[in-house]
Amino acid sequence: MAEENQWHIVRLAIQPDHVHLFIQTNPYTTPTDVARLIKGRSSNHLRKQFEHLRRMPSLWTRSTFYSTAGHVSQEIIDAYIARQSRS
């Protein structure tokens with residue numbers, strides 16, 4: 001999705017129960033669209049690859065958290081996500 005929409009993934013950390021994604025998008029893409037597109041595409045791919053997931057009503061919750069990097073540096077956000085990856 002990132003490549004298709006010309007987004008830049010700055011940092012990604014996958015946890016057992018959630019994902020941290022620090023992503024740079026264009027000003028025309030809303031944060032809700034980013035989450036919807038990524039969750040939808042990843043759900044489709046995972047269900048094709050793992051048959052037992054097809055029986056689940058949903059792979060992702062509707063829960064999301066959005067924030068901008070306007071008041072914090074990219075380095076601080078990157079360090080936070082890196083720490084989450086180790087915990």
Kindly compute the distance separating [atom1] ([X]) from [atom2] ([Y]), expressed to the nearest 0.5 Å.
X     : Y     : atom1 : atom2 : result
Ser58 : Lys39 : OG    : NZ    : 8.0 Å
Trp60 : His18 : CH2   : NE2   : 10.5 Å
Ile9  : Ile38 : CD1   : CD1   : 6.0 Å
Arg62 : Arg36 : CZ    : CZ    : 13.5 Å
Glu3  : His8  : CD    : NE2   : 13.0 Å

- Going by atom types alone, do Ser43 and Arg47 pair a side-chain donor with an acceptor below 3.5 Å? yes

Would you say [X] and [Y] make side-chain contact, with heavy atoms under 4.5 Å?
X     : Y     : result
Tyr28 : Asn5  : no
Arg11 : His20 : no
Gln6  : Thr25 : no

- Message: Please evaluate residues Leu21 and Trp7 with respect to the criterion side chain to side chain contact (heavy atoms under 4.5 Å, CB included), reporting the C-alpha separation (whole Å), side-chain torsions for both, the decisive distance (0.1 Å), and the verdict.
- Response: CA-CA 12 Å; Leu21 183 62; Trp7 303 333; over 6 Å; no

- Should we say atom CZ of Arg54 is surrounded by more than 12 heavy atoms from elsewhere, each under 6.0 Å from it? yes

- Query: Does atom OH of Tyr66 have more than 12 heavy-atom neighbours, drawn from other residues, nucleotides or ligands, at distances under 6.0 Å?
  - Reply: yes

- Thr29 backbone acceptor or donor facing Asp33 side chain under 3.5 Å: no

- Where is the tightest heavy-atom contact between Leu46 and Leu59, given as atom of each residue plus distance? CB-CD1, 3.9 Å

